Amino acid sequence: MTQPAGRAPVLDEASRLAARYPDEPRWVDLRGLLLSGRALLFAHRPEVGFIARSPDEPFAFVAGTPVSGDLADLLAHGDPPELEILVPNEHADAVGEMLPGWARGSTVLHRYSGATGAFATAPPHGVTLTTLTDPTALAAGTWSEATAEELAAAVSNGMAMSVAWVDGELAAFCAAPVETESLWDVWVETLPAHRRRGLASACFHRLRDDMIARGKLPVWGAHGDNHGSIRMAKGLGFVPAGTLAYFRREAG
């Protein structure tokens, strides 16, 4: 069932695979990717396990019992240096043996326990919050090439997103790269020159309110050693809800 490069799965098949897993924070990336209908699938034995990879962002998710052939096909499809492979903890040792030379870490998942009413606090002075529907607007920010490409793809694919403008510059954003029936994963970034002004929080609250109106609560994932992200999650009303292992190729 491994797909040719660039092919997305039949939506019915992806939905069938997603139905194996509950709609919980642990599975938000996997299920959201499958339900988007755009996942690249690698599965020699789908009844046992498979790998789903995002076509736009450098991440993949190992689901079920890992099969070495699936990993080989995934890496043959293209292995950017920043590719991150998410793995349930119970399969992490087996996957690690198949990925010699890759670093292993832990991602802490957080569920939202904060207020669900409208965000009453105004954004910082001089900041305008909007949604983003035009990828050409990204030229108004000094984002890294990789982030700009991911953002452009996200906007083109209709990803839900809120952005903060400062003096005509796109300074921060919060986006929902994957969504399930009742959850969405938080992607938030701020340009270095505009950090520590509350822009990311303002963007999060704007998108949070829009998504809550659709019946969806946010999930926050942060590497275990990213203490700043974990502190921000706590400040926004998130609490830990489990962990996943991840693998990334060692630098150098």
Side-chain angles (χ1 to χ4, degrees), residues 1-88 91-92 94-96 98-99 101-105 107 109 135 145-161 175-181 183-187 219 221 244-249:
M1 198 176 89
T2 300
Q3 299 172 107
R7 290 288 301 280
V10 176
L11 186 57
D12 287 347
E13 174 66 8
S15 297
R16 182 184 67 80
L17 294 173
R20 296 181 184 179
Y21 302 91
D23 193 16
E24 298 173 352
R26 185 187 192 204
W27 306 113
V28 65
D29 287 308
L30 174 63
R31 298 190 76 257
L33 186 54
L34 291 171
L35 294 173
S36 74
R38 304 184 64 252
L40 302 177
L41 291 178
F42 303 88
H44 288 82
R45 299 169 61 197
E47 72 284 358
V48 173
F50 61 93
I51 299 175
R53 177 176 170 177
S54 169
D56 304 313
E57 300 174 70
F59 89 89
F61 200 112
V62 175
T65 303
V67 178
S68 59
D70 297 342
L71 279 168
D73 288 346
L74 169 71
L75 300 183
H77 179 78
D79 179 17
E82 67 274 21
L83 178 65
E84 186 167 289
I85 302 176
L86 297 174
V87 185
H91 298 310
V95 171
M98 300 176 195
L99 294 172
W102 288 58
R104 174 176 171 176
T107 292
L109 301 171
E145 182 178 353
T147 299
E149 288 178 357
E150 288 184 37
L151 277 172
V155 175
S156 298
N157 292 326
M159 184 184 297
M161 183 181 301
V178 291
E179 301 179 35
T180 68
E181 298 89 343
L183 302 170
W184 58 282
D185 189 38
V186 178
W187 175 24
V219 174
L244 291 169
Y246 73 85
F247 290 88
R248 182 179 288 172
R249 190 179 296 280

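Numbering of residues begins at 1 and proceeds along the displayed sequence. Everything numeric here is computed off the predicted structure, so don't read it as measured data.
When all heavy atoms are compared, the tightest approach of Pro88 to Arg26 is CB-NH2, 3.5 Å. Heavy atoms only, all atoms of each residue included: Leu30 and Ala52 are closest at CD1-CB, 4.1 Å. Between Asp185 and Val219, the shortest heavy-atom contact is OD1-O, 3.2 Å. When every heavy atom of Ile51 is checked against every heavy atom of Ala60, the shortest pair comes out as CG2-CB, 4.1 Å. When every heavy atom of Leu34 is checked against every heavy atom of Leu41, the shortest pair comes out as CD2-CD2, 3.8 Å. When all heavy atoms are compared, the tightest approach of Val178 to Gly32 is CB-CA, 3.8 Å.
Between atom CG of residue Leu109 and atom CD of residue Glu24 there is a gap of 11.0 Å, rounded to the nearest 0.5 Å. Rounding to the nearest 0.5 angstrom, the gap separating the CG atom in Leu40 from the OG atom in Ser54 is 8.0 Å. Note that CE of Met98 and CD1 of Ile85 are 11.0 Å apart. Values are rounded to the nearest 0.5 Å. Put simply, CG on Asp70 and CZ on Arg45 are 9.5 Å apart, with the number rounded to the nearest 0.5 Å. Here Leu183 contributes atom CG and Asp23 contributes atom CG; the two are 4.5 Å apart, rounded to the nearest 0.5 Å. How far CG of Leu33 is from CZ of Arg53: 10.5 Å, rounded to the nearest 0.5 Å.
Side-chain contact between Glu57 and Pro177 is present, with at least one heavy-atom pair separated by less than 4.5 Å. The shortest side-chain heavy-atom distance between Leu86 and Phe59 falls under the 4.5 Å cut-off.
Taking the six-membered ring for Trp and thresholds of 30 and 60 degrees, Trp27 and Tyr21 have ring planes inclined between 30 and 60 degrees apart.
Judged purely by atom type and a 3.5 angstrom limit, His91 uses its side chain to pair as donor or acceptor with the backbone of Gly64.
Taking the ring centroids of Phe247 and Trp102, they lie at or beyond the 6.0 Å cut-off.
In this structure, Arg31 pairs ionically with Glu181, as a charged nitrogen and a carboxylate oxygen lie closer than 4.0 Å.
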